[in-house]
Amino acid sequence: MKRIKIAALLQSNDFGKEVLVQAWVRTKRESKNVCFLALNDGSTINNLQVVVDISPEMHKILDRIHTGASVSVIGETVESGGKGQSLEIVCKELTVLGEANPEEYPLQPKRHSLEFLREIAHLRFRTNTFSAIFRIRHAMTFAIHKFFNDKGFCNIHSPIITSSDAEGAGEMFKVTNLDLNNLPRTEEGKIDYKEDFFGKATNLTVSGQLEAELAALALSEVYTFGPTFRAENSNTARHLAEFWMIEPEMAFYDINDDMDLAEEMLQYLVKYALDNCREDLEFLKKRREEEQKQKAQNERDEMNLIEKLEFVINNKFERLTYTEAINILKKSKANQKGQFKYPVDNWGIDLQSEHERYLVEKHFKKPVILTDYPKEIKAFYMKLNEDNKTVRAMDVLFPQIGEIIGGSQREENYDKLVGRMQEMNIPQKEMWWYLETRKFGTVPHSGFGLGFERLMLFVTGMGNIRDVIPFPRTPKSAEF
RNA sequence: UCCUCUUUAGCUCAGUUGGUUAGAGCACCUGACUGUUAAUCAGGGGGUCCUAGGUUCAAGUCCUAGAAGGGGAGCCA
């Protein structure tokens with residue numbers, strides 16, 4: 001008999017049919033003559049209830065079954081005699097595929113702390129919360145490819161190992177196969193990378209943007225979606241040393257086209273989750289509501305998870321320039337009463353997360369796109385404005401998460417780009433290939449980077465980025 | 001990296017101004033129960049009080065150092 005998945009079975013409402021189900025036991029509830037097994041196979045947040053009449057033979061089998069065991073069940077679908085589910089199966093054959101010793105199995109049918117589950121990341125997939133999160137993560141991955149594919153974008157696999165460390169996007173992880181206990185040295189005593197695998201120093205990529213630009217200047221519209229590595233000693237709920245980033249790059253797009261695409265994409269992805277992950281989102285909504293009860297009244301969410309997601313797809317993002325944002329912040333009561341840790345006084349300061357949160361959560365109460373930042377606080381490749389002071393950067397700020405997207409129109413003018421590289425001490429020699437795209441058939445173009453796990457934080461309503469990636473890599477932590 | 005908090009049973013936590021044998025709920029085991037929904041009820045077993053020093057007649061509790069984790073900040077996506 002062919003196995004049927006629980007999601008399909010629960011949807012079918014097809015009674016009186018014999019089926020084969022294989023899954024893991026979430027709970028076993030036993031009384032004298034009857035036993036109920038709640039089974040989950042990860043195809044849905046919902047469990048299948050299996051009713052077992054306790055005969056002496058069944059009793060022996062049931063003794064081996066505890067939370068976490070894997071079982072194979074042949075039974076007949078019936079309309080449930082109890083509340084809580086419409087369909088259940090009456091067990092005819094019950095086989096234990098794998099026992100789970102209850103003295104050792106760490107998951108109980110009760111709420112565990114996220115910190116504890118992080119320590120057992122190999123088993124946390126088996127909880128409602130994490131199975132919901134990773135089904136949503138899959139849906140978002142798929143939706144990203146679908147969004148770009150439907151628009152005629154080309155997916156580009158940018159390299160993971162790179163020899164350029166000129167981007168200044170953060171500390172990099174070194175890639176080498178040199179014997180670290182016996183490093184080859186040059187005459188000056190420095191490490192001789194000519195002896196290394198690639199014949200030069202290499203690192204893990206911190207961004208696929210520069211390579212994506214090369215592809216965009218031929219294929220017009222491309223995107224990358226790959227792992228990204230930053231060796232920063234960042235210990236926050238929003239940073240990972242290994243994370244996934246989506247980086248579209250579009251020829252003939254100016255900064256406004258760039259913003260339009262970013263907004264359309266985010267709304268598309270959130271809508272996709274609402275349309276395709278409803279039950280998982282409802283579960284996470286309830287979960288968050290429970291969590292909120294622990295918090296002080298003024299720290300609680302104004303909207304629940306579903307409302308928050310619907311709000312994003314139903315409202316235009318607020319667009320304003322850095323200069324306008326500074327003026328709003330300067331005049332704000334929070335600033336005048338000295339409630340900011342970093343007071344807003346002069347044009348040119350870098351916005352702190354408290355300032356971003358004020359704009360998004362207090363002032364506009366919706367996602368905000370900030371543009372035209374001072375050139376001093378942004379990257380060398382961003383297009384310089386006419387004023388010679390600001391660049392065509394755009395950051396999309398989301399409630400609770402902060403910067404979810406960072407992007408810009410790129411500097412396509414060769415001389416201006418070289419000038420900016422000189423100002424910011426970016427070595428031009430290593431970047432010859434990047435500069436050549438401005439020498440040969442340069443065009444206006446734009447792009448942005450979306451932190452995939454930050455999107456996941458928003459969509460799932462989870463508070464810690466370590467809980468939306470299967471196996472988080474953070475400083476002092478690379479278990480599993 | 002900085003600030004701050006936490007670390008007690010498998011899990012979640014309580015443990016008073018330092019004082020006898022360290023507690024609860026859940027989980028586990030045993031028993032009861034004709035359909036349960038994290039089933040319920042009764043009983044039972046289960047402890048390196050994070051680690052190393054120190055103060056004291058006496059330390060889970062106080063002091064010092066360290067480790068791990070949480071929250072906030074910086075860096076950023």
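Atom set for the values below is all heavy atoms of this structure, side chains included, hydrogens, waters and symmetry mates excluded.
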Q: Indicate yes or no: does Lys285(A) engage Asp280(A) in a salt bridge with an N to O separation below 4.0 Å.
A: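 Here Lys285(A) does not pair with Asp280(A) in a salt bridge, since their nearest N and O are not under 4.0 Å apart.
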Q: Mind checking whether Trp347(A) and Tyr322(A) have parallel, tilted or perpendicular rings, split at 30° and 60°?
A: perpendicular
Q: Could you run through RNA chain B and flag its stems, i.e. three or more consecutive Watson-Crick or G-U pairs with both distances under 3.5 Å?
A: B:1-7 with B:67-73, B:10-13 with B:23-26, B:28-32 with B:40-44, B:50-54 with B:62-66
Q: Which part of the nucleic acid, if any, lies within reach of Asn47(A) when heavy atoms closer than 4.0 Å are counted: base, sugar-phosphate only, or nothing?
A: nothing
Q: Taking rU30(B) as the reference, what is the distance to rU12(B) when you measure between their P atoms (whole Å, please)?
A: 26 Å
Q: Between Arg124(A) and Asp467(A), is the closest basic N to carboxylate O distance under 4.0 Å?
A: yes
Q: Within the 4.0 Å heavy-atom criterion, would you say Tyr342(A) contacts the bases, only the backbone, or no part of the nucleic acid?
A: sugar-phosphate
Q: Between Lys286(A) and Glu290(A) (salt bridge meaning N to carboxylate O under 4.0 Å), is one present in this structure?
A: no
Q: Decide yes or no, distance alone: a donor-acceptor N/O pair under 3.5 angstrom between the base of rC26(B) and the side-chain of Arg111(A).
A: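 In this structure, the two groups form no donor-acceptor pair.
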Q: At 4.0 Å (heavy atoms only), tell me whether Gln85(A) reaches a base, stays on the sugar-phosphate, or touches nothing.
A: base
Q: At less than 3.5 Å, do the side-chain atoms of His66(A) and the base atoms of rC28(B) form a donor-acceptor pair?
A: no
Q: Quick check on rG35(B): is either OP1 or OP2 less than 4.0 Å from any side-chain nitrogen or oxygen of Ser31(A)?
A: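 So the side chain of Ser31(A) is within the cut-off, an N or O lying under 4.0 Å from OP1 or OP2 of rG35(B).
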Q: Have a look at Glu104(A) and say if it touches a base, only the backbone sugar-phosphate, or nothing, with a 4.0 Å heavy-atom cut-off.
A: nothing
Q: Taking Asp301(A) first and then Arg288(A), would you say they form a salt bridge - that is, a charged N and a carboxylate O separated by under 4.0 Å?
A: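 Looking at Asp301(A) and Arg288(A), the cut-off is met.
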Q: Scan Glu453(A) against the nucleic acid and name what it touches under 4.0 Å (heavy atoms): base, sugar-phosphate only, or nothing.
A: nothing
Q: Provide, to the nearest angstrom, the distance between the CZ atom belonging to Arg238(A) and the C1' atom belonging to rG70(B).
A: 15 Å
Q: Considering every strand and a 4.0 Å limit on heavy-atom distances, what is the contact class for Leu107(A): base, sugar-phosphate, or nothing?
A: nothing
Q: Ser353(A) side chain N/O closer than 4.0 Å to the phosphate oxygens (OP1, OP2) of rG74(B)?
A: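 Indeed, a polar side-chain atom of Ser353(A) lies that close.
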Q: Cation-pi check for Phe398(A) against Lys366(A): NZ or CZ below 6.0 Å from the six-membered ring centre and within 45 degrees of the axis, yes or no?
A: no
Q: Identify whether any heavy atom of Arg118(A) sits under 4.0 Å from a base atom; if not, whether one sits that close to sugar-phosphate; answer base, sugar-phosphate or nothing.
A: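 It contacts sugar-phosphate atoms only.
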Q: In the 5'-to-3' direction, what one-character label does each nucleotide of nucleotides 45-51 of chain B receive under the scheme B = base within less than 4.0 Å of a protein heavy atom, S = sugar-phosphate only, - = no such atom?
A: -------
Q: Verify the contact: side-chain N or O of Asn101(A) to OP1 or OP2 of rC28(B), cut-off strictly under 4.0 Å; return yes or no.
A: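 For Asn101(A), the contact criterion (side-chain N or O under 4.0 Å from OP1 or OP2 of rC28(B)) is not met.
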Q: Using a strict cut-off of less than 4.0 Å between a Lys/Arg side-chain nitrogen and an Asp/Glu carboxylate oxygen, indicate whether Glu453(A) and Arg137(A) qualify as a salt bridge.
A: yes
Q: Heavy atoms under 4.0 Å, any strand shown: does Ser234(A) hit a base, just sugar-phosphate, or nothing?
A: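 Answer is base: heavy atoms of Ser234(A) come under 4.0 Å of a base.
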Q: If we take the P atom in both rC11(B) and rG18(B), what is their distance in whole Å?
A: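 Here rC11(B) and rG18(B) have their P atoms 29 Å from each other.
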Q: Measure centre to centre between the rings of Tyr342(A) and His355(A), then say whether the value is under 6.0 Å.
A: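 No, ring centres 6.0 Å or more apart.
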Q: Tell me the interatomic distance from Arg126(A), atom CZ, to rA38(B), atom P, rounded to whole angstroms.
A: 21 Å
Q: When we call it a touch if two heavy atoms are under 4.0 Å apart, what does Thr228(A) touch: a base, just sugar-phosphate, or nothing?
A: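 Counting heavy atoms under 4.0 Å across all strands, no contact is made by Thr228(A).
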Q: Would you call Asp395(A) and Lys378(A) a salt bridge, taking side-chain N to carboxylate O under 4.0 Å as the test?
A: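 A salt bridge is present here (some side-chain N lies under 4.0 Å from a carboxylate O).
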Q: Name the residue closer to the 5' end of RNA chain B, choosing between Pro475(A) and Lys32(A) according to the nucleotide with the nearest heavy atom.
A: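 With Pro475(A) and Lys32(A) compared, the 5'-side residue is Lys32(A).
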Q: Does Gln108(A) reach a base, just sugar-phosphate, or nothing at all? Heavy atoms under 4.0 Å.
A: base
Q: May I ask you to verify if any side-chain N or O of Arg466(A) is less than 4.0 angstrom from the OP1 or OP2 atom of rG70(B)?
A: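 Affirmative; the distance criterion is met.
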Q: Classify Phe36(A) by what it touches in the nucleic acid, base, sugar-phosphate, or nothing, heavy-atom distance under 4.0 Å.
A: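 Base contact - Phe36(A) has a heavy atom under 4.0 Å of at least one base atom.
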Q: Would you confirm whether the ring centroid of Phe471(A) sits within less than 6.0 angstrom of the ring centroid of Phe125(A)?
A: yes
Q: Heavy atoms under 4.0 Å, any strand shown: does Glu356(A) hit a base, just sugar-phosphate, or nothing?
A: nothing
Q: Classify Asn33(A) by what it touches in the nucleic acid, base, sugar-phosphate, or nothing, heavy-atom distance under 4.0 Å.
A: sugar-phosphate
